[in-house]
Participant: 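Supplied in structure tokens, the structure appears directly below.
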There are 2 protein chains.
Amino acid sequence: MPRHFLRKLELFTRLSAADRQALEGVVGEKLRRVGPREDIVREGDSASHVSLILDGWACRYKQLEDGRRQIVAFFLPGDLCDTFIDVLREMDQSIGTLTPVTFAEISRDTLGAVAARHPRIMQALWWDTLVSASIQREWTVNLGQRSATERLGHLLCEVFIRLQGVGLTEGDHCVLPTTQADLADAMGLSTVHINRTLQELRGSGLIVLKGRNLTIPDLAALQAASLFTPNYLHLDHVGRHLDAVEPLAV
Amino acid sequence: MPRHFLRKLELFTRLSAADRQALEGVVGEKLRRVGPREDIVREGDSASHVSLILDGWACRYKQLEDGRRQIVAFFLPGDLCDTFIDVLREMDQSIGTLTPVTFAEISRDTLGAVAARHPRIMQALWWDTLVSASIQREWTVNLGQRSATERLGHLLCEVFIRLQGVGLTEGDHCVLPTTQADLADAMGLSTVHINRTLQELRGSGLIVLKGRNLTIPDLAALQAASLFTPNYLHLDHVGRHLDAVEPLAV
DNA sequence: GCTACGAATTAACACACGTGAATTTCTCGA
DNA sequence: TCGAGAAATTCACGTGTGTTAATTCGTAGC
């Protein structure tokens, strides 16, 4: 069931059959399905649950008092939403869906128990968390320094490579189910300018975007044009770096 | 010695005398002192060390190929630099000083051992990590949605309150040892525009900035003008939220 | 196949912010 | 006290991106 998630974790470590089985059990517990543009629950119980996206796209966002919205992270299939982190009191940031989404609501107790019995899972979860933090920092760079074209190109590279990591690309194309307004909120640009920028990327042949279908004919070229380097996604880890990544006293 | 650090952790939990003593021992191990505008070491040994800022300001930044620099985080006295996180291979992001800095280089083994024997320290370290992540997300919002004035005002609110948390403010003023160029790199603005924006904040009486001395006569007013809400700093936690924050299977 | 509504696209105009460069002010060591 | 370099400030001008609003396109429902 959580094949994207498993596939992602295996980018980093090798899971045993028992590991995989344990994770599948956990995911089966409580499945939820919601439509597009809905908020995934986060009050009260939020501290006790983690959400694992099985299908569809979601995002973490913050809404300012005057209505401006900033998307600070995209959640793709296989991503864990650490909803539990800071929603303790004020829940300043929310998690909402962009498309219809199927996700598993996992109680932290359950996940904690599994992780305790399966060290590799624990390590993989850690890796995932650290990568998410790294992505967050890269978004800061993206918003702070890159021009609209670079910025959007950078995002498309990231999304494509992340989707690739969970087996959701085919050759040089993938889906891009977001609205241009969603992209605008993520990039800190207006929808009009997102549109202009997409045209520009299309015009220079760096992307082909028809409806929800995105094709990147020459990923290396798009990367170069966007000053994108994939290192921050840390896909180059394979097992032996485990010890270096493992956090304090597990 | 690590009084700022201890003070910060105690914002969140109550440490015993033994806890404090353990931390002080750890910090004494290896002190380092570097000048302004230097990089704090991060190769090879970086994965095995954590740096604790004792005095001075540092930052995490990324430099693009063409020279543009984005500061993605400020490290103030009492802050832990989780250098160990992603500098494993490519070390895409660096940590550098803004002023002369004194810091303790703590081996992760040592810190891990201490944390294992002192659960409250472990929890406090966790809290600190989660707050850092929350701040990072807020920076994304800041760069994406806020105007230059709001953005800079927001940063000043954040810095002031963080300094307050470690006892480095006096009444309504504190130091701001950064260069306008540093602020520019952090805010994704040009130095010229930082200057203009500072003038504007001065003009409206929201700040008084003379040399390195920053006064905020009416913090609430500055907060309002900057759409700042302190909730993301999670200073409202006191002990009893521990269980909710404690991460997976420690 | 037609309707209706959201999404994408386009256009005209405004302005926040960037750029380059000169000038002034600070800082601090000799 | 002076001088030199760094930081701050100011100016003139250019431009990337925002805003508003109209138009076209796509698509789901009837």
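Chain naming here is simple, since letters A, B, ... match the order of the sequence lines and numbering starts at 1 in each.
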Participant: Checking B:Arg69 against B:Tyr61: charged group under 6.0 Å from the ring centre and within 45 degrees of the axis?
Facilitator: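 That pair qualifies as a cation-pi contact.
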Participant: Under 4.0 Å between a side-chain N or O of B:Arg202 and OP1 or OP2 of D:dT9?
Facilitator: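 Yes, B:Arg202 has a side-chain N/O under 4.0 Å of OP1/OP2 on D:dT9.
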Participant: Could you tell me the separation between the NZ atom of B:Lys210 and the P atom of D:dT9, rounded to a whole number of Å?
Facilitator: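 One finds 13 Å between P of D:dT9 and NZ of B:Lys210, rounded.
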Participant: Given atom CG of B:Asn195 and atom C1' of C:dG18, what is their separation to the nearest angstrom?
Facilitator: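 Atom-to-atom, B:Asn195 to C:dG18, this comes out as 14 Å.
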Participant: Can you find a pair of side-chain heavy atoms, one from B:His173 and one from B:Asn213, that are under 4.5 Å apart?
Facilitator: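 Yes, side chains in contact.
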Participant: Give the rounded distance in Å between these two atoms: CD of A:Glu200 and C1' of C:dT10.
Facilitator: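 In whole Å, C:dT10 C1' lies 16 Å from A:Glu200 CD.
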Participant: Contact class for B:Thr191 vs. all strands (heavy atom < 4.0 Å): base, sugar-phosphate, or nothing?
Facilitator: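 Nothing, no heavy atom under 4.0 Å.
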Participant: Let me know the distance between CD1 of B:Ile194 and P of C:dG18, rounded to the nearest Å.
Facilitator: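 Taking atom P of C:dG18 as the reference, CD1 of B:Ile194 is at 8 Å.
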Participant: Name the residue closer to the 5' end of DNA chain C, choosing between A:Gly211 and A:Arg196 according to the nucleotide with the nearest heavy atom.
Facilitator: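 Nearer the 5' end of the strand: A:Gly211.
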Participant: From the set C:dG18, C:dA21, D:dT20, return the single nucleotide nearest to any side-chain atom of A:Val192.
Facilitator: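 Among C:dG18, C:dA21, D:dT20, the one nearest the side chain of A:Val192 is D:dT20.
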Participant: Tell whether A:Arg212 reaches the base of D:dG26 with its side chain through a donor-acceptor pair below 3.5 angstrom.
Facilitator: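 By the distance-only test, no, there is no pair.
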Participant: Please tell me which of the listed nucleotides, D:dA8, D:dT19, C:dG18, lies nearest to the side chain of A:Ser190?
Facilitator: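 The answer is D:dT19, which lies nearest to the side chain.
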Participant: Please report, rounded to the nearest Å, how far the P atom of C:dG6 is from the CG atom of A:Asp182.
Facilitator: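 That distance rounds to 15 Å.
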Participant: Within this structure, what is the CG-to-C1' distance between B:Asn213 and C:dC26, rounded to whole angstrom?
Facilitator: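 Distance, rounded to whole Å: 15 Å.
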Participant: Taking the six-membered ring for Trp, are A:His154 and A:Phe160 closer than 6.0 Å centroid to centroid?
Facilitator: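 No, too far apart.
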Participant: Describe the nucleic acid contact of B:Arg146 in one word from base, sugar-phosphate, nothing, applying a heavy-atom distance below 4.0 Å.
Facilitator: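 Result for B:Arg146 = nothing.
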Participant: Calculate the interatomic distance between A:Gln180 atom CD and C:dA8 atom C1'; express it in whole Å.
Facilitator: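 It is 5 Å, rounded to the nearest whole Å.
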Participant: Could you say whether B:Thr178 or A:Ala148 is positioned toward the 5' end of DNA chain D, judged by the nucleotide with the nearest heavy atom to each?
Facilitator: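 By nearest-heavy-atom nucleotide position, the 5'-most residue is B:Thr178.
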Participant: Classify A:Leu198 by what it touches in the nucleic acid, base, sugar-phosphate, or nothing, heavy-atom distance under 4.0 Å.
Facilitator: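 Counting heavy atoms under 4.0 Å across all strands, no contact is made by A:Leu198.
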Participant: So B:Leu155 and B:Met187, do their side chains get closer than 4.5 Å, heavy atoms only?
Facilitator: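 Yes. Closest side-chain heavy atoms under 4.5 Å.
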Participant: Does A:Asp185 pair with A:Lys62 as a salt bridge, N-O distance under 4.0 Å?
Facilitator: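 Here A:Asp185 does not pair with A:Lys62 in a salt bridge, since their nearest N and O are not under 4.0 Å apart.
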Participant: Considering just the side-chain nitrogens and oxygens of A:Gln199, establish if one lies under 4.0 Å of OP1 or OP2 belonging to C:dT10.
Facilitator: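 Indeed, a polar side-chain atom of A:Gln199 lies that close.
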Participant: What is the separation between atom NE2 on B:His193 and atom P on D:dG14, rounded to the nearest whole Å?
Facilitator: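 The distance from NE2 of B:His193 to P of D:dG14 comes to 19 Å, rounded to the nearest Å.
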